Amino acid sequence: MRFKKVIAFATVMAMAMSMAACGSSTSSSSSTSSSSEAVVEENTTTESTTEETTEAEATTEETTLVSGKVSMSGSTSMEKYVSALIETYAEINPNITVTAEYVGSGAGIEQVIAGSVDIGNSSRNLKDAEIESGAVENIVAIDGIAVVVDPANTVEDLSQEELIAIYTGEITNWSELGGSDTPIVVIGREAGSGTRGAFEELLGIEDACAYASELDSTGAVIATVAATEGAIGYASLDSLNDTVIALKLDGVEATEANIVAGEYFLCRPFVMATNGEISEQNEAVQAWFDFVYSDEGKAVAVSVGLITVD
């Protein structure tokens, strides 16, 4: 009898211990589950915070872009370049509106000095009188000036002396240069044109040219030369097309590589003049120049056939 009581007691104790073990296991599982849920919740909170921070940074960056307007006026030779710059910049900073008119270098510089525009575009160096009036010369690229003839012309090369003689009226027929017996029709730009000013200054023939026609844009020069037998004209290198032939000068082709090497003598600066230093301009104008001189701005210059400056 006593033996049976001992067995019964042992059985009860064993059951109690088993139940205690189960309770411990359940408690442990519950604790582990709670711990896992806490980690997941913590990770979720961290990810949410990170996303919110990133969005906040993006919003801050967007709202800190400079806004405003930039107005330009001037050189028709710079139209292709300036238009490409404006198009690219609109994607980089849509908060700034940039406008440009193409009325000739001289007019553009006059307008910036008068304060009617922010920037005066010029395809020549500034004159002393313009600088004395407050204009600052900001060179943004280098361009070559090509001498072009109509497609039927058989002359391929001119020396500097021959080119001067043509434009001053000393040589008047292509037969004098080994070409056909065709009168030379001398085409040039209007007074005040940056291209004309640079062309005449580089050749030392200011106020000495015998023009048959003086046209008011680069496009007009190319179109007239292309359609006129015996015509010769000059135009920005980046404006050339296959309707005309660009002559060699002193045996050197009008190419970017030859300009960089210093072998082609007809080249000039592209200037974005300001009334006072760039640092004195409003934030929108300063932001524009930051872009023009940036890698993105230089890539635009290269894409239209210009030479970049540092």
Side-chain angles (χ1 to χ4, degrees), residues 66 68-126 130 135-146 189-190 192-199 215-222 234-241 256 259 267-275 278 281-282 284-310:
V66 175
K69 296 181 179 180
V70 176
S71 58
M72 294 186 285
S73 181
S75 171
T76 64
S77 297
M78 292 174 66
E79 180 172 0
K80 182 178 179 180
Y81 171 49
V82 171
S83 296
L85 283 173
I86 292 175
E87 181 178 353
T88 301
Y89 192 55
E91 299 175 358
I92 295 174
N93 187 357
N95 294 343
I96 292 182
T97 301
V98 184
T99 59
E101 294 183 346
Y102 306 98
V103 295
S105 297
I109 297 170
E110 287 178 3
Q111 289 179 32
V112 77
I113 292 173
S116 55
V117 296
D118 297 308
I119 297 171
N121 292 330
S122 174
S123 51
R124 60 164 172 79
N125 289 107
L126 299 189
E130 294 166 339
V136 173
E137 182 179 274
N138 307 301
I139 298 175
V140 293
I142 304 296
D143 179 43
I145 300 175
R189 288 292 305 279
E190 82 286 4
S193 159
T195 308
R196 172 172 170 166
F199 178 82
L215 306 176
D216 62 2
S217 72
T218 298
V221 169
I222 292 177
Y234 48 79
S236 176
L237 187 63
D238 73 309
S239 301
L240 294 183
N241 57 45
E256 177 184 341
I259 292 172
C267 58
R268 43 72 184 277
F270 274 1
V271 174
M272 290 187 178
T274 48
N275 194 341
I278 294 175
Q281 309 306 308
N282 62 54
V285 174
Q286 291 185 41
W288 168 257
F289 276 103
D290 286 343
F291 160 67
V292 171
Y293 288 121
S294 70
D295 290 341
E296 292 88 349
K298 290 179 180 180
V300 172
V302 171
S303 73
V304 296
L306 298 175
I307 300 167
T308 60
V309 296
D310 295 327

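When a residue number appears, it is its place in the shown sequence, counting from 1. Fair warning: this is a prediction, and the values are worked out from it, not measured in the lab.
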- Message: Under a 3.5 Å distance rule, please check whether Q281 uses its side chain to pair with a backbone N or O of N275 as donor and acceptor.
- Response: yes
- Query: Within the distance-only criterion (no hydrogens, no angle test), does the side chain of R196 pair as donor or acceptor with the backbone N or O of R189 below 3.5 angstrom?
  - Reply: yes
- Task: Give a yes or no on whether E256 atom CD has more than 12 heavy-atom contacts from other residues, nucleotides or ligands under 6.0 Å away.
- Result: yes
- Note on the structure: Applying side-chain hydrogen bond (donor to acceptor under 3.5 Å, both in side chains) to T195 and not counting sequence neighbours gives S77, R268
- Examine distances only and state if a side-chain atom of S71 and a backbone atom of D118 form a donor-acceptor pair shorter than 3.5 Å. yes
- Message: Looking at G305, is its backbone amide N or carbonyl O close enough to the side chain of D238 to form a donor-acceptor pair, meaning the two atoms are under 3.5 Å apart?
- Response: no
- Message: Quick check: do T218 and K80 have side-chain heavy atoms less than 4.5 Å from each other?
- Response: no
- In Å and rounded to the nearest 0.5 Å, what is the CD1 to OH distance from I145 to Y234? 8.5 Å
- Task: Verify, without hydrogens or angle tests, whether S105 (side chain) and S123 (backbone) share a donor-acceptor contact under 3.5 angstrom.
- Result: yes
- Message: So, taking the atom named CD in E137 and the one named CD1 in I109, what distance separates them when rounded to the nearest 0.5 Å?
- Response: 8.5 Å
- Query: Do N93 side-chain atoms and V66 backbone N/O form a donor-acceptor pair below 3.5 Å?
  - Reply: yes
- Would you say D310 and K298 make side-chain contact, with heavy atoms under 4.5 Å? yes
- Query: When the ring planes of Y89 and W288 are compared, do they come out parallel, tilted or perpendicular, using 30° and 60° as the limits?
  - Reply: perpendicular
- Query: CD1 of I307 to CG of L237: how many Å apart, nearest 0.5 Å?
  - Reply: 8.0 Å
- Query: Side chain of Q111, backbone of V117: donor and acceptor closer than 3.5 Å?
  - Reply: no
